[in-house]
Amino acid sequence: MLRYTLSRLSQAILVTFVMSFLLFMLIGLMPGDPLENMLEGNPSLTPELMAQMRELYGLDQSVFARYWNWLMAALSGDLGYSSLYFRPVTDVLFPAMLQTVKLMGLTLLVSVPLALLLGSLAARKPNGLIDSVVGVFSFASISLPNFWVSLLLIILFSVKLGWLPASGTPLSAAPSALEQMRHMVLPVAVLAMFHVGPLVRYVRASMIETLSADFVRTARAKGLGEGSVMVRHALRNALIPMVTVLALSFGSLFSGALVVETIFGMLGMGKMIYDAIGNIDFNLALVGLLLATIVTLLANLLADLAYALLDPRITL
Amino acid sequence: MTDVTVAALPAPRSIWSLRFEKFRGHRLAMYSLVFLAVLTAICLMAWPLSQYLGIDPNKTNLLARFKAPNAQHWLGTDDLGRDVLIRLMYGGQVSIAVGLLATFLMTVLGVAVGVTAGFLGGRTDAVLMRLTDCMIALPLIPLLIVLGAVDLTKLGLSAASAGSPLFIFLRIVIIIALVDWTTMARIARAGAIQVRDRDYVRAATVAGAKRRYNVLVHVLPNISTPLIVAATLTVGRVILLESTLSFLGFGIVPPTPTWGNMLTNAQQLIISAPHLAVYPGLLIFATVMAVNFVGDGVRYAFDPRAENEGRSH
């Protein structure tokens with residue numbers, strides 16, 4: 001187990017460095033360069049001065065040298081300055097991370113229980129009425145454009161009915177917890193709806209398989225109630241592979257969060273990355289993307305390890 | 001001697017005609033296919049119809065904003081006075097073309113990676129599959145946004161060609177294929193591994209066949225079935241990705257209309273003109289849903305274990 005963990009961990013670290021270099025190159029291919037954008041429209045800037053500044057910031061060096069400088073600075077905790085917010089990247093990053101953690105956490109709290117419930121109900125009678133309804137729902141969930149659903153929900157609940165706010169973050173300086181929750185309803189609903197579709201299909205398939213297993217028949221034969229059979233015997237076994245599925249869905253959940261945050265104007269990681277790229281903020285875009293990548297890789301690593309820990313049949 | 005009557009055997013038929021018959025039995029898939037065919041045909045009518053009605057879909061007319069449907073503008077006009085119907089039709093052409101082209105490209109890419117990994121095995125396999133695992137986990141939309149923001153002139157393209165509609169179109173096709181080939185690669189690899197150690201491949205190798213021969217003659221035909229199924233289901237996802245990207249402003253940019261970028265402005269207009277937010281989204285939804293149903297039908301038709309109900313043997 002320890003050997004496996006260490007080898008996977010070292011692989012993940014290697015991948016992180018490779019990804020950081022690839023992202024560094026990609027970000028460097030965005031229009032303009034950091035100086036041009038910073039000093040745009042400054043008439044007192046002579047070409048000589050510009051060249052001096054380039055040298056000062058090391059922009060005249062090769063991409064490898066620049067990457068090395070950036071990497072050394074980043075490893076010592078200096079992530080640079082955001083040209084969009086005029087603040088150190090770390091200052092922008094942490095509030096945004098908190099917001100996204102809140103959004104994704106609430107989404108998981110809704111989508112996972114819902115997927116378990118719908119998937120189990122559908123699996124009880126394959127091709128029955130509930131199964132068909134759930135099937136149509138999950139099919140719609142993977143076919144609907146999430147940004148369009150967001151727009152429709154805003155039109156319906158914010159504009160026409162006026163029940164819920166159209167923005168994800170309250171405007172007042174010190175909003176109450178209830179006020180914050182009210183603003184989160186629509187974003188979480190949209191995100192959960194799209195997260196739940198593939199999960200339901202998975203839970204259903206896994207439950208159908210488990211329900212035909214011998215131990216479920218034994219449980220029924222010894223006279224256990226349907227609820228006990230479903231929850232304590234079948235669902236618990238179907239849950240283990242769920243860990244992997246959930247971890248693999250992390251990337252698409254984050255993609256969804258980016259779209260939802262952008263539409264509902266929530267200052268989370270997704271919107272931060274979107275704004276940073278839209279406004280050519282090199283430092284912020286790079287760090288935001290890299291962080292999203294690292295967290296995703298970490299989630300997968302943890303899922304692999306958790307899978308091995310949870311399932312006693314697997315020894316490493 | 002008693003006469004023995006032999007029931008006439010059904011004429012032998014090719015697997016494709018059997019599959020097609022089975023596909024036809026999948027009602028929803030068949031309806032969806034017809035829907036997609038009609039939709040494509042209508043979208044291809046964009047140019048003739050705009051000529052007939054005398055409309056330039058990209059020409060703005062601020063005196064004719066938010067017009068209600070009338071004899072010239074069948075679905076009315078948008079916030080810049082452009083005809084909604086013609087723009088929807090052109091947008092459909094773009095969506096469908098991106099969906100098909102990107103899927104084709106990522107199939108080629110995925111098959112190249114997957115077959116190489118599966119057929120060569122060993123360290124090549126390990127490295128390529130680790131790469132695929134990483135790609136599967138990555139958040140696609142942020143990655144696509146960066147790729148969409150890349151300044152092609154920095155890659156040595158002239159500014160004029162980088163900004164031309166054709167290049168913007170090709171670029172979106174390429175970047176979607178670049179980030180989403182992983183499913184194809186995994187399927188191709190699994191198939192290649194299955195075929196690799198079969199006796200007929202060994203026999204061919206012993207008889208002096210090169211790797212390329214084995215891949216072309218033995219591996220590719222054997223993995224084509226799962227690939228066709230996966231490719232059909234991919235088209236829907238690609239259309240969704242393209243529309244999301246265009247909606248966010250990093251895909252296909254105006255004046256070229258797409259269903260995605262027609263919704264970009266809709267958010268600002270949800271109070272004054274909410275109907276403008278309805279048509280493009282509805283079309284994306286209907287198209288993707290239909291494509292997914294067709295995919296479901298293809299999977300059903302190609303799966304020998306999924307038999308038509310009521311047919312006994």
Side-chain angles (χ1 to χ4, degrees), chain A residues 11-12 14-15 18-19 23 26-33 139-140 142-152 154-156 158-160 166 247-259 262-263 269-270 273-274 277-278 280 285-286 288-289 292-293 295-297 299-301 303, chain B residues 28 130-131 133-155 233 236-237 239-250 259-260 263-264 266-267 269-271 274-278 280-293 296:
Chain A
Q11 267 177 13
L14 183 73
V15 170
V18 173
M19 279 308 292
L23 284 175
L26 259 184
I27 298 280
L29 287 175
M30 293 201 306
D33 74 36
F139 224 90
I142 58 166
S143 305
L144 277 165
N146 51 5
F147 57 96
W148 183 59
V149 173
S150 307
L151 289 177
L152 288 189
I154 291 177
I155 291 177
L156 181 62
S158 307
V159 180
K160 296 264 189 254
L248 276 179
S249 77
F250 190 87
S252 72
L253 186 61
F254 188 80
S255 287
L258 186 146
V259 174
T262 308
I263 292 177
M269 285 284 290
I273 293 175
Y274 175 76
I277 297 173
I280 329 271
L286 177 56
L289 276 168
T293 311
V295 172
T296 318
L297 288 174
N300 284 293
L301 179 65
Chain B
L28 217 46
R130 210 69 301 228
L131 181 79
D133 284 351
C134 290
M135 286 296 295
I136 287 177
L138 289 182
L140 290 191
I141 299 285
L143 211 60
L144 281 172
I145 291 180
V146 196
L147 287 168
V150 164
D151 182 2
L152 290 178
T153 55
K154 285 197 180 178
L155 291 173
L233 289 167
R237 196 175 59 239
I239 293 178
L240 274 185
L241 280 176
E242 181 272 322
S243 64
T244 309
L245 217 54
S246 295
F247 168 77
L248 290 171
F250 288 95
W259 292 339
L263 284 167
T264 311
Q267 197 177 1
L269 303 170
I270 49 179
I271 293 175
H275 62 278
L276 288 181
V278 174
L282 204 60
L283 281 169
I284 299 172
F285 175 42
T287 308
V288 175
M289 191 92 167
V291 170
N292 283 341
F293 277 136
D296 215 39

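First the proteins, then the strands, lettered A, B, ... as listed; each starts at 1.
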Quick one, B/F247 and A/I263 - any side-chain contact, counting heavy atoms below 4.5 Å? yes
Is the shortest heavy-atom distance from the side chain of B/V146 to the side chain of A/L289 under 4.5 Å? yes
Distance col, row B/D151:CG vs A/I280:CD1, nearest 0.5 angstrom, shows 8.5 Å
Using a cut-off of under 4.5 Å on heavy-atom pairs, state which of B/T287, B/I145, B/L144, B/I239 scores highest against chain A. B/I145
Looking at chain A, which one of B/L131, B/L147, B/T244, B/L140 has the largest number of heavy-atom pairs inside 4.5 Å, strictly under? B/T244
Distance-minimising heavy-atom pair for [X] and [Y]:
{"X": "B/F285", "Y": "A/S143", "answer": "CD1-O, 3.8 Å"}
{"X": "A/W148", "Y": "B/L282", "answer": "CZ2-N, 3.4 Å"}
{"X": "B/A149", "Y": "A/I277", "answer": "CB-CG2, 3.4 Å"}
{"X": "A/A140", "Y": "B/M289", "answer": "CA-SD, 4.1 Å"}

Tested for side-chain contact (heavy atoms from CB on, under 4.5 Å) against A/F147, the lone hit among B/L248, B/T264, B/I284 is B/I284
In terms of heavy-atom proximity below 4.5 Å to chain A, should B/F293 be classed as side chain, backbone, both, or neither? both
Less than 4.5 Å to any heavy atom of chain A: does that hold for the side chain of B/R130, its backbone, both, or neither? side chain
Most chain B-contacting option - heavy-atom pairs closer than 4.5 Å, from [options]:
{"options": "A/T293, A/V259, A/V149, A/L151", "value": "A/L151"}
{"options": "A/L144, A/V15, A/I155", "value": "A/L144"}
{"options": "A/S255, A/A285, A/A12, A/G251", "value": "A/S255"}
{"options": "A/L26, A/L23, A/L152", "value": "A/L26"}
{"options": "A/I273, A/I142, A/L253, A/L297", "value": "A/I142"}

A/F139 versus chain B, the contacting section by heavy-atom distance below 4.5 Å: both
Portion of A/L258 that has a non-hydrogen atom of chain B nearer than 4.5 angstrom: side chain
